[in-house]
Amino acid sequence: QKEVEQDPGPLSVPEGAIVSLNCTYSNSAFQYFMWYRQYSRKGPELLMYTYSSGNKEDGRFTAQVDKSSKYISLFIRDSQPSDSATYLCAMSLILTGGGNKLTFGTGTQLKVEL
Amino acid sequence: DAGVTQSPTHLIKTRGQHVTLRCSPISGHKSVSWYQQVLGQGPQFIFQYYEKEERGRGNFPDRFSARQFPNYSSELNVNALLLGDSALYLCASSSIRTEAFFGQGTRLTVV
C-alpha cells in the first residue's frame with residue numbers, strides 16, 4: 001500500500017465548475033500538507049500549504065485537511081481552462097537527521113473545457 | 001525575486017556516463033532538496049541538504065550523491081547512468097521544515 005493515494009484521473013469538467021481533488025494517506029506522522037500544480041514538462045508550483053485540520057482558503061482555492069480520517073482535499077471554484085494541469089498532493093515528514101521530506105501522490109490530471 | 005534555478009534544462013547522456021545537475025535556491029533559503037519524477041508519477045525524494053549537511057536521504061542507490069556549497073547552491077551527481085535514470089530531476093528550496101518551492105527541473109534522457 002502506498003503512503004499517499006491519489007486518483008490519477010483524468011478529470012474533465014466544464015468551465016465554471018467546482019473541482020474537488022482528494023488524497024488519502026496512511027502515515028499519521030505526516031505534519032504538513034501541500035497542494036502543487038504542475039503544467040506539462042514544468043516544475044510543480046505551490047498552491048496551498050497547511051498543517052492543521054480544517055479549511056484554508058486562498059482566492060478560488062480551498063484546502064481541507066481531516067487528520068482523523070487521514071484525508072485531504074483541494075477545491076477549485078469557478079474553474080478556468082488555465083487550471084488545466086496535473087495537481088499533486090504532498091505531505092511532509094520530519095526525518096531523523098532533522099530535515100524533512102515530501103511524499104507525493106501520483107497526481108490528478110485535470111482538464112477544464114470551454 | 002529570482003526563484004529556484006536549475007541547470008541545464010535538458011540533457012542527453014549515454015548509459016554508463018556520469019551527470020552533474022545544478023541548483024540555486026531562493027535567496028535566504030538554506031535548504032535544498034532533490035527529487036526524481038518519472039513520467040506519470042509524483043516526485044520521489046532523493047536528498048535534502050541544510051547548512052551544507054545532509055539531513056535526509058531517500059531510497060536511491062549509492063550512484064546518486066549530492067553536496068551543498070557555502071552559498072547554499074547544490075549539485076546532484078549520478079554515476080554509471082542507467083536507462084531507468086531517465087526522468088525530470090527537481091530541486092526544491094526552503095527554509096528547513098517549511099513549504100518547498102520547486103525549480104523548473106532538468107530533464108535527463110539516458111540512451
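Computation of the quantities below employed the complete heavy-atom set of this structure, encompassing side-chain atoms and omitting hydrogens, waters and symmetry-equivalent molecules. In the text below, chain A, chain B and the rest are named by the order of the sequence lines, each starting its count at 1.
With a 4.5 Å cut-off on non-hydrogen atoms, B:Phe47 does not touch chain A at all. For A:Tyr51, no part lies under 4.5 angstrom from a heavy atom of chain B. Contact of A:Glu45 with chain B is not made at all, since no heavy-atom distance falls under 4.5 Å. The parts of A:Leu102 that come within reach of chain B are both its backbone and its side chain, each placing non-hydrogen atoms under 4.5 angstrom from that chain. Of the atoms belonging to B:Gln6, not a single heavy atom falls under 4.5 Å from chain A.
Summarising the local packing, NZ of B:Lys52 is surrounded by more than 12 heavy atoms from other residues, nucleotides or ligands at distances under 6.0 Å. The number of heavy-atom neighbours closer than 6.0 Å to NZ of A:Lys42, taken from other residues, nucleotides and ligands shown, is 12 or below. More than 12 heavy atoms of other residues, nucleotides or ligands sit less than 6.0 Å from atom CD of A:Gln38.
Looking only at side-chain heavy atoms (C-beta outward), A:Arg77 and A:Thr62 come within less than 4.5 Å of each other. No side-chain heavy atom of A:Asn27 sits less than 4.5 Å from a side-chain heavy atom of A:Met91.
Annotation for A:Met48 and A:Leu46: closest pair O-CD1, 3.6 Å, computed over non-hydrogen atoms.
Ranked by heavy-atom pairs shorter than 4.5 Å toward chain B, the options A:Pro44, A:Gly107, A:Gly105 are led by A:Pro44. In terms of non-hydrogen atom pairs under 4.5 Å with chain A, the most contact-rich of B:Pro43, B:Gly105, B:Ser33 is B:Pro43. Residue with the most contacts toward chain B among A:Lys101, A:Met34, A:Gln109, A:Gln6: A:Lys101 (heavy-atom pairs, distance under 4.5 Å).
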